[in-house]
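Everything on this sheet refers to the single structure shown next.
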Amino acid sequence: KIDSGHQVMFLYYALSNMPVPYEDIAQVYSPDYSRTSDSFKRNDIVQALKPRVDQEITNAKSGRYVMLEQQDNSLLQRYNFEKKSFAVNEYSSNDRYTYFNDNSQYTLATTNGSQFASFPVSDETKARKIEGYLSKYTQLRLQTYAYVQDADPSQRRIKLQVMKVRLLDPSGEVLAEL
């Protein structure tokens with residue numbers, strides 16, 4: 001499960017084969033490092049962090065299947081009666097990307113998100129239930145299961161191939177799945 005920009009950063013260095021900039025990582029990963037201007041303390045912190053950073057990168061290399069979970073009341077657009085589906089805002093265009101507030105320098109993007117741009121819901125009872133949640137601005141959850149394909153060094157971005165997307169209600173019941 002990816003729920004931190006630090007995880008994205010480690011994935012980036014695991015896949016990009018770029019040299020690991022330990023000082024840059026320490027700047028965003030360690031509050032102690034970013035708060036001090038003492039060169040010796042900063043060097044000590046970097047040396048102490050190196051084994052952990054290397055281990056996180058090694059772990060990221062072995063975990064190519066990931067899950068992202070978003071919770072919001074604006075994940076979907078309203079029901080489209082002609083298409084019998086709900087448009088998924090996250091996958092409405094291929095140039096969208098995701099970042100986390102704890103480390104926004106590294107981002108996630110999908111290579112096939114447009115294939116998951118809407119949830120077909122032909123069962124009217126289910127569609128009414130989902131529309132009811134949307135009209136009450138209920139926090140729904142969107143789970144995206146993906147394979148980590150590649151790293152884009154020009155944008156510090158991880159490219160994901162979406163495998164499955166699930167929409168869940170607040171209690172965890174699956175409302176729709178692609």
Side-chain angles (χ1 to χ4, degrees), residues 1-16 28-29 56-57 59-178:
K1 181 174 179 181
I2 294 181
D3 55 10
S4 163
H6 298 316
Q7 290 172 290
V8 179
M9 174 179 66
F10 295 131
L11 269 171
Y12 174 79
Y13 289 107
L15 292 167
S16 69
V28 294
Y29 194 58
E56 293 284 358
I57 291 170
N59 292 346
K61 283 181 183 179
S62 64
R64 302 277 299 258
Y65 288 94
V66 297
M67 191 269 281
L68 294 138
E69 186 169 282
Q70 296 167 282
Q71 186 169 343
D72 199 347
N73 60 11
S74 62
L75 295 170
L76 304 177
Q77 294 177 20
R78 299 303 173 127
Y79 190 68
N80 182 323
F81 288 94
E82 290 176 18
K83 296 179 181 177
K84 295 188 182 281
S85 67
F86 292 91
V88 180
N89 291 329
E90 181 66 22
Y91 302 117
S92 60
S93 71
N94 283 332
D95 59 347
R96 291 182 64 121
Y97 61 89
T98 302
Y99 67 90
F100 295 90
N101 290 332
D102 65 341
N103 186 347
S104 61
Q105 296 176 26
Y106 300 87
T107 59
L108 298 166
T110 61
T111 58
N112 65 336
S114 61
Q115 295 173 7
F116 296 86
S118 69
F119 278 119
V121 182
S122 55
D123 178 355
E124 187 177 322
T125 306
K126 275 194 174 187
R128 283 181 181 275
K129 187 174 186 177
I130 295 169
E131 184 70 27
Y133 285 130
L134 294 176
S135 66
K136 293 175 187 164
Y137 300 99
T138 303
Q139 298 268 324
L140 297 174
R141 292 186 352 231
L142 186 72
Q143 292 179 334
T144 301
Y145 296 85
Y147 176 73
V148 178
Q149 281 184 312
D150 196 11
D152 180 355
S154 68
Q155 297 177 314
R156 288 186 172 177
R157 188 164 290 162
I158 294 294
K159 294 180 181 179
L160 302 175
Q161 178 184 9
V162 178
M163 309 300 274
K164 180 171 36 169
V165 179
R166 300 168 85 192
L167 179 70
L168 293 91
D169 72 5
S171 68
E173 178 188 340
V174 177
L175 299 170
E177 187 172 81
L178 279 173

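This is a predicted model, so every value here is computed, not measured. All values below were derived from every heavy atom in this structure, side-chain atoms included, with hydrogens, water molecules and symmetry-related copies excluded.
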Ignoring hydrogens and angles, state whether a donor on the side chain of [X] or [Y] is under 3.5 Å from an acceptor on the partner side chain.
X      : Y      : result
Asp102 : Ser4   : yes
Thr98  : Glu90  : yes
Gln155 : Thr107 : no
Arg156 : Gln105 : yes
Asp72  : Gln139 : no

Heavy-atom side-chain proximity of [X] to [Y] below 4.5 angstrom:
X      : Y      : answer
Ser135 : Arg78  : yes
Met9   : Val28  : yes
Val8   : Asn103 : no
Ile2   : Leu11  : yes
Leu175 : Leu168 : no

Working to the nearest 0.5 Å, report the span between [atom1] of [X] and [atom2] of [Y].
X      : Y      : atom1 : atom2 : result
Gln143 : Lys164 : CD    : NZ    : 9.0 Å
Glu131 : Lys136 : CD    : NZ    : 11.5 Å
Ser85  : Gln77  : OG    : CD    : 9.5 Å
Gln149 : Lys159 : CD    : NZ    : 8.0 Å
Leu142 : Leu76  : CG    : CG    : 7.0 Å
Ile130 : Thr138 : CD1   : OG1   : 12.0 Å

(request) Would you check, one step at a time, whether the test side-chain contact (heavy atoms from CB on, under 4.5 Å) holds for Arg141 with Gln70? (result) CA-CA 6 Å; Arg141 292 186 352 231; Gln70 296 167 282; over 6 Å; no
(message) I'd like to know whether CZ of Arg128 has more than 12 heavy-atom contacts from other residues, nucleotides or ligands below 6.0 angstrom.
(response) no
Where [X] and [Y] come nearest, the two heavy atoms and their spacing:
X      : Y      : value
Leu160 : Asn112 : O-OD1, 4.1 Å
Val162 : Val165 : CG1-CG2, 3.6 Å
Ser74  : Asn89  : O-ND2, 2.7 Å
Tyr97  : Ala109 : CB-CB, 4.3 Å
Gly5   : Phe100 : N-CB, 3.3 Å
Lys126 : Val174 : NZ-O, 4.4 Å

Is [X] reaching over with its side chain to a backbone N or O of [Y], donor-acceptor style, under 3.5 angstrom?
X      : Y      : result
Asp152 : Arg157 : no
Ser104 : Asn101 : no
Ser118 : Pro120 : no
Asp169 : Leu140 : no
Gln115 : Met163 : no
Ser16  : Tyr12  : yes

(message) Check for me whether Arg166 meets the cation-pi criterion with Tyr145, that is, NZ or CZ under 6.0 Å from the six-membered ring centre and within 45 degrees of the ring axis.
(response) no
(request) Decide, yes or no, whether a salt bridge links Lys129 with Glu173 under the criterion of side-chain N to carboxylate O below 4.0 Å. (result)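 Between Glu173 and Lys129 there is a salt bridge, with a charged N closer than 4.0 Å to a carboxylate O.
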(request) Could you tell me if the ring centre of Phe81 sits under 6.0 Å from that of Tyr79? (result)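 When the ring centroids of Phe81 and Tyr79 are compared, they turn out to be within the sub-6.0 Å range.
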(message) So that I know where these two stand, are Phe86 and Phe119 an aromatic pair - ring centroids less than 6.0 Å apart?
(response) no
(request) Please step through side-chain hydrogen bond (donor to acceptor under 3.5 Å, both in side chains) for the pair Thr144 and Tyr91, ending with a clear verdict. (result) CA-CA 11 Å; Thr144 301; Tyr91 302 117; 2.6 Å; yes
(request) For the residue pair Tyr13 and Tyr106, categorise the inter-ring angle as parallel (less than 30°), tilted (30 to 60°) or perpendicular (more than 60°). (result) perpendicular
